[in-house]
Amino acid sequence: MATTQRNEPIIIIGGGTFGVTTAYHLSKQGYTNVTVLDRFPVPSLEAAGNDINKVIRTEYPEPLYTKLASDARDLWRDVNGLFAGLYHPSGWIIGATDRSTPFVEASARSAKALGVEPPQLISTEEIHKKWPPMNGDFKGWKSYWSPNAAWVNAREGIVRMAREAQRGGVRYISGDAGHAKQLLYDENQVCIGVKSADGTTYYGGQIVLAAGAAAGSLLDLKGQIVAKGHTVGHIQLTPEEVEKYKDMPILDHLEGGILFPPQEDGIMKVGAIHFVTNFARSLNGKSLPRYRSDNPQDGIPDIIEARLRKWMETCVPEIAHREWVETRICWDGDMPDYHFLITPHPTHKNLKIAIGGSAHGFKFLPVLGKYIVQMMEGRLDPEVAEKWKWRPGTKLADYETNPHPETPEDLNDMPGWGTIKSTL
Ligand SMILES: Cc1cc2nc3c(=O)[nH]c(=O)nc-3n(C[C@H](O)[C@H](O)[C@H](O)COP(=O)(O)OP(=O)(O)OC[C@H]3O[C@@H](n4cnc5c(N)ncnc54)[C@H](O)[C@@H]3O)c2cc1C
Ligand SMILES: *[C@@H]1O[C@H](CO)[C@@H](O)[C@H](O)[C@H]1NC(C)=O
């Protein structure tokens with residue numbers, strides 16, 4: 001077991017969800033020389049975690065995540081804690097048509113087994129009665145109601161955690177100086193540091209790769225992680241509509257889309273579940289994120305938008321065709337089995353990896369860093385370490401454990417995208 005010196009220099013690449021929780025927990029545990037490098041200042045423009053809201057749910061088919069999510073939720077909703085005021089217990093309706101039904105049912109079983117109130121089947125009539133503005137025909141919905149789910153102000157969660165880490169002595173570096181371009185190794189292939197876009201080099205006793213969906217641009221991940229883009233749009237409601245929709249639950253159809261209750265300012269977020277990859281425009285057979293920061297002319301794929309609008313008609317027809325006030329493709333790194341990749345690198349000593357949010361990593365923000373620090377110190381519970389280990393060639397999860405089993409389409413195959421000149 002590695003006994004780590006609390007004053008050893010540690011470099012974290014990426015200050016999104018996994019990076020900031022690592023920095024925070026390192027500082028809480030007395031580490032005194034921690035540096036976070038990110039392309040962008042907090043909250044990073046391109047971080048998956050930088051979002052107006054994210055779902056916090058405790059229903060998972062696997063006890064490991066049910067437990068982690070429950071622990072995280074206790075901190076999210078602690079009115080005296082770091083995240084006070086960010087937690088909104090809206091509940092949610094989770095729907096499926098066919099292929100996603102096993103996931104919902106397995107989650108309900110697991111909740112029951114753990115003594116958590118399981119999601120209950122709910123009819124369209126009951127939905128209409130309970131939430132009159134949700135007056136679509138809910139065609140294709142097998143709907144479950146769960147009062148356990150909530151949404152949080154994700155961006156503010158990251159900002160608060162970063163601020164607290166900085167108070168604890170963590171140094172943040174952004175811009176070209178924080179934009180990692182290359183990992184540095186000694187002659188024995190030990191990872192010793194990072195070189196950034198402006199040529200600055202940073203040396204550390206441990207280097208933590210937490211660059212999310214972009215991690216594959218710095219390290220050969222042996223095909224383990226695929227960057228997937230989630231199409232997101234915001235619409236603006238009037239104050240009268242906010243009043244009307246404010247008590248609605250989150251609506252999540254695993255084959256259709258996800259819709260959040262309005263924020264105070266009337267912004268409503270809608271997300272597609274039809275993800276995209278970016279293989280064709282990346283190098284070496286990888287799918288890497290295509291950030292709008294590098295491609296300011298990028299929009300969202302028309303096909304996906306059309307599907308999303310059609311899906312909204314099934315639940316909230318009145319606002320299904322509102323114009324977007326903002327759109328985005330938000331990138332996350334997906335593992336095929338959707339377990340995280342939180343592990344030492346198998347051959348490069350001192351290189352630690354904390355990625356693979358797999359479209360569900362945000363909710364764990366308050367607690368995940370504790371486990372990442374345990375991994376760094378070589379004392380992660382072996383059962384958990386087994387799930388999060390380096391594992392090229394891992395098979396796709398089955399329908400019971402994967403909420404998003406669909407094969408994503410590549411951006412380059414989307415009409416309108418083939419004509420956009422790649423900057424890569
Ligand atoms: C649209 C969308 C909705 C989601 N909804 C939910 C939800 O409701 N609930 C939930 O639990 N999870 C959700 N997720 C998943 C969750 O957001 C991610 O799993 C999680 O944020 C991943 O964290 P990360 O730290 O790996 O990546 P990120 O949060 O993306 O952070 C990566 C960071 O690395 C930085 N970076 C990248 N390249 C470099 C470089 N070369 N040098 C320096 N810095 C670099 C980036 O700027 C960024 O700050 C959602 C994801 C998306 C995309
Ligand atoms: C942190 O580590 C770096 C690299 O070894 C060193 O140059 C720096 O002085 C250290 N800073 C502190 C506060 O210990």
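Whatever order the structure lists ligands and atoms in, that order sets their numbers, starting from 1.
- Using a 4.0 Å cut-off to heavy atoms of Lys363, the atoms of ligand 1 that qualify are 9 (N), 10 (C), 11 (O).
- Checked against a 3.5 angstrom limit, the closest N/O atoms of Phe362 and ligand 1 fall inside it.
- Regarding atom 49 (O) of ligand 1, its nearest protein heavy-atom neighbour is Asp38 OD2, 2.6 Å.
- Given atom 23 (O) of ligand 1, the protein heavy atom at minimum distance is Thr17 CB, 3.3 Å.
- Not a single N or O atom of Ile13, backbone or side chain, sits closer than 3.5 Å to an N or O atom of ligand 1.
- At a threshold of 4.0 Å, the pair Glu156-Arg160 counts as salt-bridged, since one of the basic side-chain nitrogens sits closer than that to a carboxylate oxygen.
- Just one of Asp252, Ile267, Val55, Ile52 meets the side-chain contact (heavy atoms from CB on, under 4.5 Å) condition when paired with Phe260; it is Val55.
- Annotation: atom 12 (C) of ligand 2 to nearest protein heavy atom, Asn33 ND2, 3.2 Å.
- Annotation for ligand 1: atoms under 4.0 Å from non-hydrogen atoms of Ala214 are 37 (C), 38 (N).
- A donor-acceptor distance shorter than 3.5 angstrom exists from the side chain of Ser107 to the backbone of Phe103, with no hydrogens or angles considered.
- Nearest non-hydrogen protein atom to atom 5 (O) of ligand 2 is Pro9 CG, 3.5 Å.
- The single protein non-hydrogen atom nearest to atom 3 (C) of ligand 1 is Lys54 NZ, 3.3 Å, given as residue, atom name and distance.
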Please lay out, stage by stage, how Phe340 and Phe18 fare under the test ring pair (Phe, Tyr, Trp, His ring centres under 6.0 Å). CA-CA 10 Å; Phe340 308 138; Phe18 285 32; 5.5 Å; yes
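- Distance from atom 8 (O) of ligand 1 to its nearest protein heavy atom, with residue and atom name: Val55 N, 2.7 Å.
- Remark: minimum distance from atom 28 (P) of ligand 1 to any protein heavy atom is reached at Ala48 N, 3.5 Å.
- Geometric assessment of Arg309 against the ring of Trp324 yields a positive cation-pi assignment under the 6.0 Å and 45° thresholds.
- The heavy atom nearest to atom 39 (C) of ligand 1, considering only Gly49, Pro43, Ala211, is found in Ala211.
- Contacts of Val232 with ligand 1, taken as heavy-atom pairs under 4.0 Å, involve the side chain alone.
- Distances below 4.0 Å separate heavy atoms of Cys330 from the following atoms of ligand 1: 1 (C), 2 (C), 52 (C), 53 (C).
- For ligand 1, the polar-atom distance check finds no N/O of Phe260 at less than 3.5 Å from any of the ligand's N/O atoms.
- Atoms of ligand 1 found under 4.0 Å from any heavy atom of Ala180 (numbered from 1 in listed order, with element): 40 (C), 41 (N), 42 (N), 43 (C).
- Atom numbering of ligand 1 starts at 1 in the shown order; those under 4.0 Å from a heavy atom of Asp332 are 15 (C), 16 (C), 18 (C), 19 (O), 22 (C).
- Residue contact check: Arg39 has heavy atoms under 4.0 Å from atoms 43 (C), 44 (N) of ligand 1.
- In this pair, His360 and Tyr338 present their aromatic rings tilted. The plane angle is within the 30 to 60° band.
- More than 12 heavy-atom neighbours from other residues, nucleotides or ligands sit within 6.0 angstrom of NZ on Lys286.
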Using the salt bridge (Lys or Arg N to Asp or Glu O under 4.0 Å) rule, take Glu326 and Arg292 through it: C-alpha gap first, then chi angles, then the decisive distance, then the call. CA-CA 13 Å; Glu326 187 178 320; Arg292 197 179 272 170; over 6 Å; no
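- Residue contacts with ligand 1 include Gly178, since one of its heavy atoms falls under 4.0 Å from the ligand.
- Contact annotation for Leu37 and ligand 1: only backbone heavy atoms (N, CA, C, O) come within less than 4.0 Å of the ligand.
- Taking the charged nitrogens against the carboxylate oxygens, Lys310 and Glu313 have no contact shorter than 4.0 Å, which rules out a salt bridge.
- By the definition of a contact as any protein heavy atom under 4.0 Å away, atom 7 (O) of ligand 2 is not in contact.
- Nearest protein heavy-atom contact of atom 25 (O) of ligand 1 is Phe18 N, 2.8 Å.
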Working for salt bridge (Lys or Arg N to Asp or Glu O under 4.0 Å), residues Asp71 and Lys67: CA-CA 6 Å; Asp71 291 351; Lys67 157 97 175 66; 2.5 Å; yes
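- Taking any N or O of Ile355, backbone or side chain, none lies under 3.5 Å from an N or O belonging to ligand 1.
- For the pairing with Trp76, the ring pair (Phe, Tyr, Trp, His ring centres under 6.0 Å) check across Tyr87, Phe83, Trp151 returns one residue only, Phe83.
- Counting heavy atoms under 4.0 Å from ligand 1, residue Ala359 touches it through the backbone alone.
- In this structure, Met312 and Arg322 have side chains that are not in contact, with every pair of non-hydrogen atoms separated by 4.5 Å or more.
- Here the CH2-CG distance, from Trp311 to Leu251, works out to 5.5 Å after rounding to the nearest 0.5 Å.
- A salt bridge (charged side-chain N to carboxylate O under 4.0 Å, His left out) with Asp298 is found for exactly one of Arg281, Arg328, Arg290, namely Arg290.
- For atom 27 (O) of ligand 1, the choice among Pro289, Gly212, Gly16 with the nearest heavy atom turns out to be Gly212.
- Using a 4.0 Å cut-off to heavy atoms of His179, the atoms of ligand 1 that qualify are 40 (C), 41 (N), 42 (N).
- A salt bridge is absent between Glu59 and Arg57: the closest approach of a Lys/Arg side-chain nitrogen to an acidic carboxylate oxygen does not fall below 4.0 angstrom.
- Polar contact check, His360 against ligand 1: a nitrogen or oxygen pair lies under 3.5 Å apart.
- Between the side chains of Asp410 and Thr277, a donor-acceptor pair is found at a separation under 3.5 Å.
- Between Tyr65 and Phe364, the two ring planes are tilted [angle within 30° to 60°].
- The contact set between ligand 1 and Ser44, taken as ligand atoms under 4.0 Å from a residue heavy atom, comprises 46 (C), 47 (O), 48 (C), 49 (O).
- The shortest N or O to N or O distance between Ala47 and ligand 1 is not below 3.5 Å.
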